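Taking it in order: structure first as structure tokens, then the write-up.
Counting starts at 1 for both ligands and their atoms, following the listed order. Numbers here simply count residues along the sequence, with the first being 1. Everything quoted here is computed from the prediction, not taken from an experiment.
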Amino acid sequence: MPDLAIIGGTGLTRLNGLEITRREVVQTPYGEPSGLLTHGVLFGREVVFLARHGYGHTIPPHQVNYRANLWALKHTGISRLLAVAAVGGITGELRPARLAIPDQIVDYTWSRAHTFFEGDLTHVTHIDFTQPYCGELRALLIHAAREARLDACEGGTYGATQGPRLETTAEIDRLERDGCDMVGMTGMPEAGLARELELCYATCAVVANWAAGRGGVRITMQEIETHLTDGMAKVRILLEHLVKLL
Ligand code: HPA
């Protein structure tokens with residue numbers, strides 16, 4: 001059974017250094033996951049990897065089958081799930097290429113399949129989501145980032161927007177008033193579904209750009225790619241330290 005599952009987002013469609021042992025097709029009651037599950041060994045630990053947007057990066061955030069992805073990963077027997085996700089930086093500390101380990105979420109997404117608890121129910125279930133991320137995995141991430149001297153931001157609120165378009169300046173102003181430090185398009189319903197499956201789930205956010213109206217520059221795909229390349233190099237170092245702590 002893998003020690004850790006990793007969902008890679010934009011900029012992380014494959015895990016460098018992963019010694020692949022097998023690829024697994026998983027059928028789920030919720031349809032197809034974003035792709036095959038890639039099983040392998042990373043720095044001596046068994047891990048399973050899934051590219052959130054598909055291995056060719058073709059599935060936009062609002063069309064990711066989050067339920068199938070989470071169900072498929074849960075089926076491998078994992079208990080810990082690390083999500084890597086690109087974000088826009090809203091507040092001052094979250095400059096491009098920096099890593100952040102968020103501790104809260106505000107959900108602005110809509111009409112995404114966001115729960116396993118519907119349909120043929122014998123009773124209604126309300127999960128506790130006071131702390132949306134797993135404290136234990138967050139602590140390991142923070143420890144690993146300190147050890148690796150990565151200067152990661154050790155908290156922050158993730159605002160989950162619908163996408164695929166980026167936001168307006170007014171929308172980002174509103175998110176900031178709501179207390180959001182970073183904005184991304186995939187954090188929900190992923191985190192909520194992970195909690196429904198009782199997985200220990202945490203996010204390593206990689207700041208790809210200043211959010212709309214911040215930083216004084218127009219957001220270009222080229223800027224995003226450059227910062228993500230720098231940020232993902234840090235994620236790889238983080239993973240090397242993280243797996244040793246598991
Ligand atoms: N907004 C939303 N999602 C994002 C952004 C952004 O600016 N950058 C990377 N993912």
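- Taking the six-membered ring where the residue is Trp, F116 and Y30 present perpendicular rings, their angle passing 60° and hence far from 30°.
- Checking E24, R23, E46 one by one against H39, the side-chain hydrogen bond (donor to acceptor under 3.5 Å, both in side chains) holds for a single residue, E24.
- Counting only heavy atoms of the protein, atom 6 (C) of ligand 1 lies nearest to L166 CD2, 3.4 Å.
- Residue I127 comes nearest to R195 through the heavy atom pair CD1-CG, 3.5 Å, listed as atom of the first residue, atom of the second, then distance.
- Scanning the protein heavy atoms around atom 4 (C) of ligand 1, the nearest turns out to be V183 O, 3.6 Å.
- Taking CG of D178 as the start and CD of E171 as the end, the distance is 11.5 Å to the nearest 0.5 Å.
- For atom 7 (O) of ligand 1, the closest non-hydrogen atom of the protein is N209 ND2, 3.0 Å.
- Scanning the protein heavy atoms around atom 2 (C) of ligand 1, the nearest turns out to be E167 OE2, 3.2 Å.
- With hydrogens left out, the protein atom closest to atom 5 (C) of ligand 1 is G88 N, 3.4 Å, a heavy atom.
- By the 30° and 60° cut-offs, the orientation of the rings of H57 relative to H53 is tilted.
- In this structure, the protein non-hydrogen atom closest to atom 10 (N) of ligand 1 is A86 O, 3.4 Å.
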